[in-house]
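Here the structure comes first, spelled out in structure tokens, and everything after it is commentary.
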Amino acid sequence: MLKVTTAHIHFNRDNTPVSEQFDDIYFSTADGLEESRYVFQEGNNLWRRWLQFGENHFVIAETGFGTGLNFLAVTALFREFRTQYPDSPLKRLFFISFEKYPMSCADLKSAHQAYPQFNSLAEQLRQNWLQPIVGCYRFHFEETALDLWFGDIADNLPQLGDYMVNKIDAWFLDGFAPSKNPEMWNENLYKQMFRYTKPAGTFATFTAASAVKKGLESAGFSLQKRKGFGKKRECLQGFKPLNAEQNPAVHTPWLLSRSATLSENTDIAIIGGGISSLFSAISLLQRGANVTLYCEDEQPALNASGNKQGAFYPQLSDDDIHNIRFYIHAFAYGQQQLRWAIQQGIEFEHEFCGVALCAYDEKNAVKLAKISDYDWDTSLYQPLNQQELSKKAGLPLPCGGGFIPQGAWLAPRQFVQNGFTFAQKCGLKLKTFEKITALSQSEKGWILYNDKNEQFHHETVIIANGHKLKQFTQTARIPVYSVRGQVSQIPTSSQLLKLKSVLCYDGYLTPADQAKQFHCIGASHVRDCEDRDFSLQEQQENQAKIQLNIAEDWTKEVNTADNLARTGIRCAVRDRIPLVGNVPNFERQADEYRNIFNLRRRKQFIPQAAVFENLYLVGALGSRGLTSAPLLGEILASIIYGEPIPLSEDILHCLNPNRSWMRKLLKGTPVK
């Protein structure tokens, strides 16, 4: 079940929101803000701890997002702290919150009216609000990142995974009263809380119910009662003892993401000049990293990221739920980042015109019918009949299909190049005509060698060079392959100008560019080919495909005879989902895990997977790089910095670069 149920609420005489699901108020009728400050901020001693904190980021986790009042209040407090102590090593706040029944945007707005001091933050929250599926969504508020996990906390909390063990600094143990919501307040919750809490990490809660007290103590927390807020007699606060088990069990050590060893002046190199490099650089720069990018061409975006128009929408397959979930989360995050880019003044042609998916043959009609069976919210996907889809497209179509209303087209080359110009203003060092040919590990990090045998030294390296990912010794066994794609540029016509949305069939056609002169149509798909010369055959096939799939009179005006085209080489992988994370050491993993099947069966110790320290990759974005690159860049930066990752563990495992051979090893099949 991927759909999330919206909260049913009403406002009582005090204008306090009341949950109809739980028959309970969201916060104190006396003063919800003061309750939040007293119970959670003071109960966790946040200000004092921040003053003494020596790390870069602080992590708070919350059970029950509700109206977002706790988040708004603590974000405002953190901004006050950063203003008073700008030289503190503590620069960033992560707020992880779980919500089974999210409010509608309209109800949020009503609830937020009681706290005008948070108007700006609250409005920003509502601007990014969405109809979610189950899972994690990251929203940025300058120095604060909000990770909202929608769905049942019993399912979502374990998805923080092995990676988040001993990483949470403070808990806001909130939610409706234990008597009203007994399903949440249970032994499993307390055990998971303890597992994720840092030694000396704290919790605070509004309740002092004996079952809660016993549960937290049984999990291992030390706790004490304190005076309750308002009419409440008592509440609880506590901490995880320093002598608690330092290395709790890791359930899947072969897939555990590992952070970088970073110095005070974090120095990171990125190899590659495409869209994945851009978003990785942006996420790293926002964390204060010193980033140098090596691009072998005269300027960025001259390969797979260099088309004049490209489609932005999620890959909604009918056969792989992890792929579907990844692309929906990536699509939501990508929309947020595109809005951010526009706000920053990064210029690029674009149009949020929607994307029409055509059921152009029986096979695709069955596929789209299966996609519709998921019963997505209409803000994400709409199954439409022939007449409805034709209306959305602006031109007659011979079939129905599906429509993605928030889909778009944008100009990838323009976006990436102007994005890098913006990144340079933020401190990025961009080196063009620098072809990196080899990497070797040193005591202080990595040495990069170019084709002139010059050396560059960096602490951490990210390989993001598209279809050339396998060129290094360290990445030679990553199972990616090249796919040649030729995109044709065609002149518009009186009929083609009527096209209102991106049209997808066994290819795609974009609406006219902003100058109303050209469309893009494509793309060919030639596996294991890196030839970038113009192909007349592929040019003609691009035209033939639409005229065959969409047999309407207007498609006769599609004309590729001018032979205007652009060819790029994509990087793809068999299971159609990108790669991101540590570069795995294949030889050591193949050796150390040769008997992992039996080790698991016997429940014996399994070491963490061997990786190349401080070496990372992002690749295999295929034809969905515009959609996936923003989230992949943020995931990678989060891993490098040891921060919370904005994705559930099960999907993150599917993105791990070692996944192909680990599937074999886990079945007892050797790899060579």
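The figures here come from the full heavy-atom set of this structure, side chains too, leaving out hydrogens, waters and symmetry mates.
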Are [X] and [Y] within salt-bridge range, i.e. N to O under 4.0 Å?
X: R37; Y: E34; result: yes
X: E143; Y: R79; result: yes
X: K198; Y: E55; result: yes

### Message
The test is side-chain hydrogen bond (donor to acceptor under 3.5 Å, both in side chains); show your working for R126 and H112 and say whether it passes.
### Response
CA-CA 10 Å; R126 296 193 302 272; H112 291 160; 3.0 Å; yes

### Message
More than 12 heavy atoms of other residues, nucleotides or ligands under 6.0 Å from NZ of K91: yes or no?
### Response
yes

### Query
Can you list the residues that meet the salt bridge (charged side-chain N to carboxylate O under 4.0 Å, His left out) rule with D375, with sequence neighbours excluded?
K3

### Test item: E99 side-chain N/O and F65 main-chain N/O as donor-acceptor pair under 3.5 Å
yes

For residues 601-608, dump all side-chain donor-acceptor pairs below 3.5 Å to protein atoms at least two apart in sequence or in another chain.
unit_1	atom_1	unit_2	atom_2	d
R601	NE	N598	OD1	3.4
R601	NH2	N598	OD1	2.9
Q608	OE1	R258	NE	3.4

### Task
Report yes if the distance between the aromatic ring centroids of F94 and F58 is under 6.0 Å, otherwise no.
no

### Message
Check the orientation of W47 and W50. Use parallel for under 30°, tilted for 30 to 60°, and perpendicular for over 60°.
### Response
tilted

### Task
Indicate the ring-plane relationship of Y374 and W376, choosing parallel, tilted or perpendicular according to the 30° and 60° boundaries.
parallel

### Message
Can you list everything that forms a side chain to side chain donor-acceptor pair (under 3.5 Å) with Q117? Sequence neighbours excluded, please.
### Response
none

